[in-house]
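As the structure lists them, so they are numbered: ligands from 1, and atoms in each ligand from 1.
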Amino acid sequence: MREVRDKLYIIMVGLPARGKSTVAAKLREGLKKEYIKVRIFNNGDLRRKLLCDNSSKPDFYNPDNKNNVELREKIALTNINNARKYLQGEGQVAILDATNVSIKRRRKIQEMLTDSPILFVECINTDQEILKASITKKTEQPEFDRLDFQEAFDSFQKRISYYEHIAQPLKEEKNYYVLDSLNNKILGEKISDNIFCSVQIRDLLVSEWVKNLFLVRHGESYFNLENRIGGNPELTPNGWAQAEALARHFQHTNIPYIYTSTKKRTVQTAQPISRIQKNSQALELKEFNEINAGECECMSYEEIRQNRPQVFYARIKDKYNYIYPEGEGYITLKKRVDRGLKKAIYLSGNATYIMIIGHQAVNRMILAHFLYRRKEDVPYIYTPKDRYFHIVSTQSKKLFELKRY
Ligand code: F6P
């Protein structure tokens, strides 16, 4: 059959919970912006539609269970055929979103889809902690409704181990990218054919995708009243009023993921908004805890000046690099806040809106990730309490706005 050059099949590859669907959605949105007709064909969606919750048990994925192997094969073939029909019509890019980890399955796809080039995109994530958080998130899908948390978690892990059993790396395929989906980094690539939109696709794969991030500082705490730092204080009545105002401000915007630190002042700030929001999860990330002031925790700036003058003045002299005795500095905070941000973005998948309720120093580090600032200026970034930053950062749009709530 004649190969049509302005059409393309993109075949996702990867074990479950490796971010394939997020990457597929990112490709779809990015290509749509280029006025390309693109559609995703997702085996999981089709399976859930056809089989309801009959496929939530791990045995459904056991390669030795012949009946179920046949059923899954049928679902895969249906989607392959649907993708082909789409490209034979008006479609330009068909994305097949499924694990496709075995060579056998990939050969089958190549046998069936001969009319346009095929590009394989494999997603890899080896970060065990983030993987665990990601599986935990998966257990909340409706297909696991009848199982308790542990059963659902074990079931999903078993499902992964079945796929691990048959997984083989991309090698003989003519065109592929291997992507570290947590760090948006290409780990391997081979392009032998003339691939439609290959430049846009490669650039989309490596670009960080933050559709709408609302970055908020926690409401007023009892320590704020006394200019005291760190600790684990609660919100003041004024702080609670700020949290209520935040909830009211976003009452008509669905924010499925709200991330806080593990400290009471951020968790409490998230409570009214989580209560009002439908289908929203508040998740505590320790990476977003405020800078640890070590021996100076719970002291006021004035007490530090009087009792620990060497700390006070050394910090003023080089605030970014200064590390509190037994504590942290901005320089050491960067790594964990960056990790928290990566974790939040990964776990939020393709959500249109997410929120982070953080602390002064943490929010400065997050802002520094999106803004250009010299290191020495980062500890002085303006982070007011009654406002939030609306941040968009995609391949085609950068937005940064300070708004009142
Ligand atoms: O004052 C509130 C606070 O969040 C403290 O807990 C923290 O030590 C401080 O801000 C960080 O700001 P700076 O680096 O300006 O001292």
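Residue contacts with ligand 1, taken as heavy atom pairs separated by less than 4.0 Å, involve Arg364 solely via side-chain atoms from C-beta onward.
Of the candidates Glu290, Gln360, Arg315, the one placing a heavy atom closest to atom 4 (O) of ligand 1 is Glu290.
Under the salt bridge (Lys or Arg N to Asp or Glu O under 4.0 Å) test applied with Glu287, the options Arg336, Lys334, Lys343 reduce to a single match, Lys343.
Relative orientation of the Phe153 and Phe149 rings is tilted, given thresholds of 30° and 60° on the angle between their planes.
Not a single heavy atom of Phe223 sits less than 4.0 Å from an atom of ligand 1. Residue contacts with ligand 1 include Gly230, since one of its heavy atoms falls under 4.0 Å from the ligand. Residue-ligand proximity: Tyr330 is placed with a non-hydrogen atom under 4.0 Å from ligand 1.
Within ligand 1, the atoms closer than 4.0 Å to a non-hydrogen atom of Ile229 are 5 (C), 6 (O), 8 (O), numbered from 1 in the order shown. Taking every non-hydrogen atom of Ile291 and a distance limit under 4.0 Å, the qualifying atoms of ligand 1 come out as 7 (C), 8 (O).
Judged by the 6.0 Å and 45° rule, Lys319 forms a cation-pi pair with Tyr380.
Panel note: side chain Asp127, backbone Glu129; a donor-acceptor pair is recorded below 3.5 Å.
Looking at ligand 1, you'll find an N or O of Lys319 within less than 3.5 Å of one of its N or O atoms. Looking at ligand 1, you won't find any N or O of His359 less than 3.5 Å from one of its N or O atoms.
A salt bridge is defined here as a Lys NZ or Arg NE, NH1 or NH2 lying under 4.0 Å from an Asp or Glu carboxylate O, and Arg265 with Glu220 fails to meet this definition.
Taking the side chain to side chain donor-acceptor pair (under 3.5 Å) definition, one finds that Glu172 meets it with Arg107, sequence neighbours left out. Residues satisfying the side chain to side chain contact (heavy atoms under 4.5 Å, CB included) criterion with Ile75, sequence neighbours excluded, are Asn43, Leu46, Arg47, Leu50, Leu51.
Closest protein heavy atom to atom 1 (O) of ligand 1: Tyr301 OH, 3.9 Å.
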